[in-house]
Colleague: 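Would you mind keeping the following structure in view while I ask a few things?
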Amino acid sequence: MIEISNVSKWYGSFRVLHDCTTRIEKGEVLVVCGPSGSGKSTLIKCVNGLEPYQQGGIVVEGISVGAIGTDLPKLRSRLGMVFQNFELFPHLSVMENLTLAQVKVLGRAPAEARDKGLKLLERVGLKEQAAKYPAQLSGGQQQRVAIARALAMDPIAMLFDEPTSALDPEMINEVLDVMVRLAKEGMTMMVVTHEMGFARKVANRVIFMDGGEIIEDAPTEDFFGKPRSERAVQFLSKILRH
Amino acid sequence: MNFRWEWDVFLRDTGGGQTYLDWLFSAWGWTLTVAGGGWLVAIVFGSVIGTLRTVPQRGLARVAAGWVELFRNIPLLVQLFLWYHVVPALIPPLKSLPSIVLVIFALGFFTSARVAEQVRAGIQSLGRGQTQAGLAVGFTLPQTYRYILLPLAFRIIIPPLTSEAMNVVKNSAVAFAVSVAELTMFALLAQEETSRGIEIYLAVTGLYVITALAVNRAMALIDRRLRVPGYAGGAR
Ligand SMILES: Nc1ncnc2c1ncn2[C@@H]1O[C@H](COP(=O)(O)OP(=O)(O)O)[C@@H](O)[C@H]1O
Ligand SMILES: [Mg+2]
């Protein structure tokens with residue numbers, strides 16, 4: 001469903017991504033890990049065209065992301081994205097956060113959008129918070145609203161960029177629980193995270209990035225069982241110790 | 001010193017069948033018209049120009065930067081004379097426009113450069129996150145500005161916009177230079193005719209102060225109406 005082929009990207013003369021290739025099948029969960037600055041955010045943002053790339057290709061359900069003439073807003077509306085810092089719209093209520101794009105992008109009737117919003121808030125356990133504003137919620141609640149906002153567009157796949165790394169430890173699980181359920185329901189997901197418990201539980205494959213390269217790309221069991229590269233071994237021993 | 005207030009000067013006839021009080025209030029009306037019109041022009045153009053300064057299209061951003069430099073760096077009085085004497089000479093149809101319209105545009109464009117800078121700063125204080133979040137749900141870039149970035153930016157910049165709005169009231173005094181019968185013009189003429197400069201200037205000062213305070217209150221009201229529960233706003 002998502003095919004990343006030999007993608008390279010530069011910031012000026014600095015190469016952020018080097019010849020990255022991987023793919024995600026429908027219903028699969030791909031976990032992306034690697035040290036800070038290795039290009040994980042950049043790679044995931046290339047998938048929905050938030051970041052342009054200079055070489056290679058990314059194809060999402062037959063649509064080439066980098067091609068001239070691609071309707072990027074339409075493509076993005078079909079790919080849900082969840083950010084490290086939530087990025088809810090602070091001037092809109094929780095319900096408006098969920099309905100605005102449904103109405104303005106998908107053209108849904110406001111009543112229909114509200115129904116959808118309520119259903120999703122119920123699903124992430126926040127139905128009572130519909131009238132509140134983002135700043136009145138805890139970090140974990142905000143991130144669950146952000147997931148609901150993305151799901152409101154009926155995405156064909158979800159992209160998560162370190163969804164729990166800005167959260168206090170006691171809130172991480174409430175967000176991971178929502179993600180695990182989503183994965184088990186068959187959602188196609190690309191997840192940048194260091195939550196290896198989550199990866200073991202639901203990932204089909206794990207890729208390890210370092211210095212803009214995909215060093216390791218393996219089925220989850222193989223990745224944790226016998227990682228091949230020295231750097232992945234080191235990285236794993238570091239984060240698993242915590 | 002043998003000074004006596006003579007506030008009844010305002011009841012004297014100007015010679016044209018109206019009192020100085022009538023004239024004072026009509027002058028206040030012109031001041032409000034110039035300031036209000038100028039503010040409207042400033043907000044419309046300032047919002048557009050300030051927005052364009054932040055778009056990824058380099059050409060548009062550069063044109064907008066040129067606008068700001070042009071209207072910010074020439075003294076207001078000089079701009080007014082340019083509008084009054086030079087622009088109509090270059091574009092003859094403008095000759096038929098009344099001075100009040102030229103003054104409103106001169107003041108409006110001058111202030112638009114300053115408003116544009118506030119709008120730009122407000123948008124930039126939001127960082128890339130909100131833009132990316134807007135684009136990620138499928139908004140086009142204009143929709144992202146319309147629904148996300150501008151509503152947030154305006155909330156953040158209400159305090160500096162308040163002082164710009166008050167500046168417009170004060171700056172409307174330049175209109176006397178092209179013979180618009182606003183408060184400053186009234187003050188100059190009336191004190192000459194009546195020799196009661198003290199009362200005249202105090203009255204005019206009072207009206208300027210009342211106007212500025214009203215603007216201030218209005219902006220505070222807008223600020224309160226737009227305030228988001230729990231959200232302090234980017235720069236505040
Ligand atoms: N806009 C930018 N301009 C220049 N360099 C950038 C920019 N964004 C990210 N980088 C650099 O690209 C590299 C990869 O960043 P990122 O994808 O955010 O890494 P990660 O998400 O793995 O921590 C980092 O070295 C970062 O400093
Ligand atoms: Mg990152």
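So that the names make sense, note that chain A is the first sequence line, chain B the second, and so on, each numbered from 1. Heavy-atom basis, side chains included; hydrogens, waters and symmetry copies ignored. In this text the structure is predicted, and so the values were computed from the model without any measurement.
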Colleague: Consider side chain to side chain contact (heavy atoms under 4.5 Å, CB included). Of B:Leu202, B:Thr31, B:Leu24, B:Leu32, which one does B:Leu207 pass it with?
Modeller: B:Leu24
Colleague: Is it the case that over 12 heavy atoms from other parts of the model lie below 6.0 angstrom from the CZ atom of A:Arg114?
Modeller: no
Colleague: Between B:Asn167 and B:Thr111, is any pair of side-chain heavy atoms under 4.5 Å apart?
Modeller: no
Colleague: Name, in order of residue number, those residues of residues 92-104 of chain A that have a heavy atom at a distance of less than 4.5 Å from a heavy atom in chain B; otherwise write 'none'.
Modeller: A:Leu100, A:Ala101, A:Lys104
Colleague: For chain B, which candidate among A:Lys45, A:Lys74, A:Gln84, A:Met81 shows the most heavy-atom pairs at distances under 4.5 Å?
Modeller: A:Lys45
Colleague: Could you tell me whether a side-chain N or O of A:Thr70 sits under 3.5 Å from a main-chain N or O of A:Ser64, the two making a donor and an acceptor?
Modeller: yes
Colleague: Hey, which of A:Leu72, A:Leu159, A:Leu50 has the most heavy atom pairs under 4.5 Å with chain B?
Modeller: A:Leu50
Colleague: A:Arg76 side chain to A:Gly49 main-chain N or O, any donor-acceptor pair under 3.5 Å?
Modeller: yes
Colleague: Please flag which part of A:Arg149 lies under 4.5 Å from any non-hydrogen atom of chain B: side chain, backbone, both or neither.
Modeller: side chain
Colleague: Check the pair A:Leu182, A:Phe160 against side chain to side chain contact (heavy atoms under 4.5 Å, CB included), reporting the backbone distance first and the verdict last.
Modeller: CA-CA 12 Å; A:Leu182 205 53; A:Phe160 293 83; 4.1 Å; yes
Colleague: Checking B:Gln143 against chain A: side chain, backbone, both or neither under 4.5 Å from a heavy atom?
Modeller: side chain
Colleague: Which region of A:Lys132, side chain (C-beta onward) or backbone (N, CA, C, O), has a non-hydrogen atom less than 4.5 Å from a non-hydrogen atom of chain B, or is it both or neither?
Modeller: neither
Colleague: Is any side-chain heavy atom of B:Leu149 less than 4.5 Å from a side-chain heavy atom of B:Thr144?
Modeller: yes
Colleague: Hey, does the side chain of A:His194 reach the backbone of A:Gly34 with a donor-acceptor pair shorter than 3.5 angstrom?
Modeller: yes
Colleague: Heavy-atom cut-off 4.5 Å, strictly under: side chain, backbone, both or neither for A:Asn48 against chain B?
Modeller: side chain
Colleague: Given heavy-atom pairs under 4.5 angstrom as the criterion, report whether the side chain, backbone, both or neither of A:Phe89 touches chain B.
Modeller: both
Colleague: Salt bridge between B:Arg53 and B:Glu117, side-chain N to carboxylate O under 4.0 Å?
Modeller: yes
Colleague: Below 4.5 Å from any heavy atom of chain B, which atoms of A:Leu88 appear? Answer side chain, backbone, both or neither.
Modeller: backbone
Colleague: Any chance the side chains of A:Thr42 and A:Glu51 put a donor and an acceptor closer than 3.5 Å?
Modeller: no
